[in-house]
There are 2 protein chains.
Amino acid sequence: MAEASESPAGERRRDAAATRRRLLDAARDLFAERGYEGATVREIAERAGANQALLFRYFGSKQGLLTEVVAQGGLEQFRATPPEELFETALRSMLTSSAAGTADRSLEVYLRSIGRGDDATGTLRELGERYQRALAELSGAKDGALRADLAMAWLLGIGLMRTVVAREPLASADPDTVCRLVVDTLDHLWSDAEREAP
Amino acid sequence: MAEASESPAGERRRDAAATRRRLLDAARDLFAERGYEGATVREIAERAGANQALLFRYFGSKQGLLTEVVAQGGLEQFRATPPEELFETALRSMLTSSAAGTADRSLEVYLRSIGRGDDATGTLRELGERYQRALAELSGAKDGALRADLAMAWLLGIGLMRTVVAREPLASADPDTVCRLVVDTLDHLWSDAEREAP
DNA sequence: TACCGTTGTAAGCAGCTGCTTACATCCGGG
DNA sequence: CCCGGATGTAAGCAGCTGCTTACAACGGTA
């Protein structure tokens, strides 16, 4: 109803919603590339082709921007994935994405941002907890939560080595090969669990 | 020969070597706590009880300080450990240290600093490569290097979850329990390797 | 047409960063 | 004693950070 009623291709000369969207996308990519602290609001605004004052008008603060990025990217993706596919999906995403434009780069944001006890940590922690709970239920063991943590640790560690440190041969390794190695190995972690807590 | 010849307990009012040492120790702890970028030269100098100008006189730059911290901490510890004990030693160190005063906090420095493509990355990469080479030789498989990367990824990921994110129950879990779970599971990674490359 | 809230802009603020400079002070060897 | 390098200090620099303010331009509505 309050939509564009003029421009042929839906382009408006002044369009708050579109500007907001561009800021969100630019922030998502820059947070994933440089981490929360590493990305500056000036850079984000520039990549979005917007004035940086608008960033604060629409999101209040840099921290508010992060919150919205995580909410729209990571949590949506999380809800859309059935639990039993969660780990492999996340691993594959971690192994393949690393390119601007991908919808869910929240795990990259996560691992590039948790370097110190800054503002970002709190916002990102919630995302991690959801993953943990879902994974923990997959293993029926009493220490399922611990094993879920260990699985997540491996997931993040692999992302760390691949996208941040860019260590070879991991960085260039075939995603399928890596995925199979990891999933097969982790199967033992789950089956050991069952053996201990029948 | 150019030593102290006065003070009873070896204390000198002006002692460059001691000041250097204090700066090095303070830097080691602060880098481990806040990461390379998060620790400021003012903080380091203050904790060392020294003037920050001395930091630049002795180490040239903040980056030079990091180089020396890694050289004295991580590499020494690395050389002192036989390869077959390397992974478990590093894992235990990661699970237990996290307290100021510990000699080797280089893995903490490592994982808290690799958040973006900054100066620290290059200096820290060498440390990682040494670990990889040593671990790769343990597995006789042709893709030993890849599997070594995966093991290191898990190691770092666990450190990330435990000391940085402080995720429960991993953060408070008994080091022995965690260590056994991980080492047992990784055994499958090594034995699978042997099966494939006999 | 005249108006007024929405959208966009330029400039600047205080605080922090790594690093440098100019200057006190110590202290051992001549 | 006393000089000169070694050691320690205070102040400041330019550049960056997140964020704010004052203002211009648009465009739907009355």
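The chains referred to below are lettered A, B, ... by the order of the sequence lines, with proteins before strands, and numbering in each begins at 1.
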*For B:Glu84, which residues count as a side-chain hydrogen bond (donor to acceptor under 3.5 Å, both in side chains) partner, sequence neighbours excluded?*
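Partners of B:Glu84 by the side-chain hydrogen bond (donor to acceptor under 3.5 Å, both in side chains) criterion come out as none, since no residue qualifies.
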
So which protein N/O to nucleotides 17-20 of chain D N/O distances come out below 3.5 Å?
{"residue": "D:dG18", "atom": "OP1", "partner": "A:Ala39", "partner atom": "O", "Å": "3.4"}
{"residue": "D:dG18", "atom": "OP1", "partner": "A:Lys62", "partner atom": "NZ", "Å": "2.8"}
{"residue": "D:dG18", "atom": "OP2", "partner": "A:Val41", "partner atom": "N", "Å": "3.0"}
{"residue": "D:dG18", "atom": "N7", "partner": "A:Arg42", "partner atom": "NH1", "Å": "3.0"}
{"residue": "D:dG18", "atom": "O6", "partner": "A:Arg42", "partner atom": "NH2", "Å": "3.0"}
{"residue": "D:dC19", "atom": "OP2", "partner": "A:Lys62", "partner atom": "N", "Å": "2.7"}
{"residue": "D:dC19", "atom": "N4", "partner": "A:Gln52", "partner atom": "OE1", "Å": "3.1"}
{"residue": "D:dC19", "atom": "N4", "partner": "A:Gln52", "partner atom": "NE2", "Å": "3.0"}

*May I have the distance from B:Leu54 (atom CG) to D:dA10 (atom P), rounded to whole angstrom?*
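Taking CG of B:Leu54 and P of D:dA10, I get 11 Å after rounding.
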
*For A:Thr185 and A:Leu181, indicate whether the former's side chain and the latter's backbone hold a donor-acceptor pair under 3.5 Å.*
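Yes, A:Thr185 side chain to A:Leu181 backbone: donor-acceptor pair under 3.5 Å.
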
_My understanding is that only residues two or more places apart in sequence, or in another chain, count here; which of them pass side-chain hydrogen bond (donor to acceptor under 3.5 Å, both in side chains) with A:Glu129?_
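None.
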
*asked:* Going by side-chain hydrogen bond (donor to acceptor under 3.5 Å, both in side chains), name the residues that satisfy it together with A:Asn51, two or more places apart in sequence or in a different chain.
replied: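 Testing A:Asn51 for side-chain hydrogen bond (donor to acceptor under 3.5 Å, both in side chains), a comparison that skips the adjacent residues, returns none.
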
_Based on the rotation axes of five pairs at each end, what angle does the helix from C:dT1-D:dA30 to C:dG30-D:dC1 bend through, to 10°?_
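Inter-axis angle at the ends, rounded: 30°.
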
*What residues form a ring pair (Phe, Tyr, Trp, His ring centres under 6.0 Å) with B:Phe31, not counting sequence neighbours?*
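So B:Phe31 forms a ring pair (Phe, Tyr, Trp, His ring centres under 6.0 Å) with B:Tyr36.
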
*asked:* List the residues meeting side chain to side chain contact (heavy atoms under 4.5 Å, CB included) with A:Ser61, not counting sequence neighbours, and say none if there are none.
replied: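 With sequence neighbours excluded, A:Ser61 shows a side chain to side chain contact (heavy atoms under 4.5 Å, CB included) to A:Gln63, given in chain and number order.
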
*Between C:dG28 atom C1' and B:Asp15 atom CG, what is the distance in whole Å?*
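Going from CG in B:Asp15 over to C1' in C:dG28 covers 15 Å.
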
*With sequence neighbours excluded, tell me which residues meet side chain to side chain contact (heavy atoms under 4.5 Å, CB included) with A:Ala151.*
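Counting only residues at least two positions away or on another chain, A:Ala151 forms a side chain to side chain contact (heavy atoms under 4.5 Å, CB included) with A:Phe87, A:Leu135, A:Leu186, A:Trp190.
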
_Nearest-Å distance for atom pair CD/C1', residues A:Glu46 and D:dC16_ =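 It is 15 Å, rounded to the nearest whole Å.
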
*Reckon A:Thr19 has a side-chain N or O less than 4.0 Å from the OP1 or OP2 of C:dG8?*
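Answer yes for this pair, as a side-chain N or O of A:Thr19 is under 4.0 Å from OP1 or OP2.
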
*Check side-chain hydrogen bond (donor to acceptor under 3.5 Å, both in side chains) between B:Gln52 and all other residues, then give those that pass, not counting sequence neighbours.*
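So B:Gln52 forms no side-chain hydrogen bond (donor to acceptor under 3.5 Å, both in side chains) with any residue.
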
*asked:* Please classify the nucleic acid contact of B:Phe59 as base, sugar-phosphate, or nothing, using heavy-atom distances under 4.0 Å.
replied: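 If one applies the 4.0 Å heavy-atom cut-off, B:Phe59 turns out to touch nothing in the nucleic acid.
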
*What's the CZ-C1' distance between B:Arg57 and D:dA6, to the nearest Å?*
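These atoms are roughly 8 Å apart.
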
